[in-house]
Amino acid sequence: MEKKNLRPYSFSIGNHKIVRGDCSIVLKKIPKQHADVIITSPPYNLGIVYNSYKDNKKEQDYLNWLVNICSEMKRVLKDEGSLFLNIAGSSSYPWLPFELMVRLRKHFFLQNHIEWIKSITVNEQSYGHFKPVVSDRYVHRNHEYLFHLTKTGDVKINRLRVGVPYKDKTNIKRRAHNLDLRCRGDVWFIPYKTVRKKSEKFNHPGTFPQLLPEMCLKLHGVQNPLVIDPFMGTGTTLVATHCYGGKGIGIEVDPHYVKIATERLRSLAL
Ligand SMILES: C[S@@+](CC[C@H](N)C(=O)[O-])C[C@H]1O[C@@H](n2cnc3c(N)ncnc32)[C@H](O)[C@@H]1O
């Protein structure tokens, strides 16, 4: 929740802009059709302990709140833009992401539904970090959702920018593009880096790896995009945008996380 008597403020770092404020208000001040891409991970309403935001709204309040913010995202998104929305449920609270998507149906096309896999076992070999669930009912949760939402459902994307090399190289000649790349598909394995301390994840409980927004930017495919993250957190989307050559606008309600995002961007020697 937004702290009382904390006025919104904004500042630039290189090509990027950071706004300390409530995105439900700040987004309204952004012109329509402004952004090429929005990449964001809102709070999941799972009682996660943030520095100040309280992640425990009543379910209907949460859904109404987030749907209203998503409709503002639609307004600021170009007609040929992409919204990548990362969200997850929990074992005991699994419906929420689906409830959200059903409500977003009147605003967006669900152009791609990507599964973000954080850890996986292939045959007997495990990759990534497993977050154990102690339970005799539930299996470990190793995935989150990455919904690719667009206004028309037919936004052109660049699948091969995130493609993978063919196993059978004879495929290269058979394809018109003549590249050793095929579409990766809708299951993306993106593990977290191994960290020893919470400070290496910026003492924030819900960051995503930089590779996730980087892959979204490549998949959308536009050069030098204008990218917005309305729930900026520690600024991962802005860091990825910078590395990709785009301009970012990040909105975050908590000044502590704004400071972290600012330091991350400044450390890129802007
Ligand atoms: C899941 S985290 C995003 C983490 C980010 N992807 C990263 O890698 O650091 C959600 C963030 O939204 C912020 N937040 C919550 N309500 C907000 C609001 N109304 N406006 C802007 N930010 C908000 C929280 O403080 C939290 O940092």
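Numbering of ligands and ligand atoms starts at 1, following listing order. All residue numbers in this chain count up from 1 along the given sequence. No hydrogens, no waters, no symmetry mates; every other heavy atom, side chains included, goes into these values.
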- Query: Got an N/O contact under 3.5 Å between Phe231 and ligand 1?
  - Reply: no
- Short N/O distance, under 3.5 Å, between Glu252 and ligand 1? yes
- Output the list of atoms in ligand 1 that are nearer than 4.0 Å to some heavy atom of Pro230, sorted by atom number. 21 (C), 22 (N)
- Task: Taking only heavy atoms of Thr234 into account, list the atoms of ligand 1 that are under 4.0 Å away from them.
- Result: 7 (C), 8 (O), 9 (O)
- Backbone, side chain, both or neither: what part of Ala261 comes under 4.0 angstrom of ligand 1, heavy atoms only? neither
- Message: What I want to check is whether the side chains of His220 and Ser82 have a donor and an acceptor closer together than 3.5 Å.
- Response: yes
- Message: Please classify the Tyr257 to ligand 1 contact at 4.0 Å (heavy-atom distances, strictly less than): side chain, backbone, both or neither.
- Response: side chain
- Verify the distance criterion only: is there a donor paired with an acceptor across the side chains of Tyr44 and Asn86 at less than 3.5 Å? yes
- Item | Asn45 and Glu59: side chain donor to acceptor below 3.5 Å | no
- Inter-residue atom distance Arg264.CZ - Lys259.NZ, 0.5 Å rounding: 14.5 Å
- Query: Considering distance alone, does some N or O of Gly206 sit under 3.5 Å from an N or O of ligand 1?
  - Reply: no
- Which atoms of ligand 1 have any heavy atom of His204 under 4.0 Å away? 2 (S), 4 (C), 26 (C), 27 (O)
- Could you list which atoms of ligand 1 come closer than 4.0 Å to a heavy atom of Thr236? 7 (C), 8 (O), 9 (O)
- Task: Inspect the surroundings of CZ in Arg174 and state if more than 12 heavy atoms from other residues, nucleotides or ligands are less than 6.0 Å away.
- Result: yes
- Message: For Lys106, I'd like to know if atom NZ has over 12 heavy atoms of other residues, nucleotides or ligands within 6.0 Å.
- Response: no
- Task: Taking atom NZ of Lys247 as the centre, report whether more than 12 heavy atoms of other residues, nucleotides or ligands fall under 6.0 Å from it.
- Result: no
- Task: Using distance alone, determine whether Cys23 and ligand 1 share an N or O pair under 3.5 Å.
- Result: yes
- Message: Geometry only, no angles: is Ser41 polar-contacting ligand 1 at N/O separations under 3.5 Å?
- Response: no
- Message: Heavy-atom pairs closer than 4.0 Å: do any link ligand 1 to the side chain of Met232, the backbone, both, or neither?
- Response: backbone
- Message: Please check if the number of heavy atoms outside Arg159 that lie under 6.0 Å from its CZ is greater than 12.
- Response: no
- Query: Could a heavy atom of Gly21 be found less than 4.0 Å from some atom of ligand 1?
  - Reply: yes
- Message: Would Pro205 count as a contact residue for ligand 1, given that I'm defining contact as a non-hydrogen atom of the residue lying under 4.0 Å from a ligand atom?
- Response: no
- Query: Taking N or O atoms only and a 3.5 Å limit, does Asp22 qualify as a polar contact for ligand 1?
  - Reply: yes
- Query: Under 4.0 Å from any heavy atom of Pro42, which atoms of ligand 1 are there?
  - Reply: 1 (C)
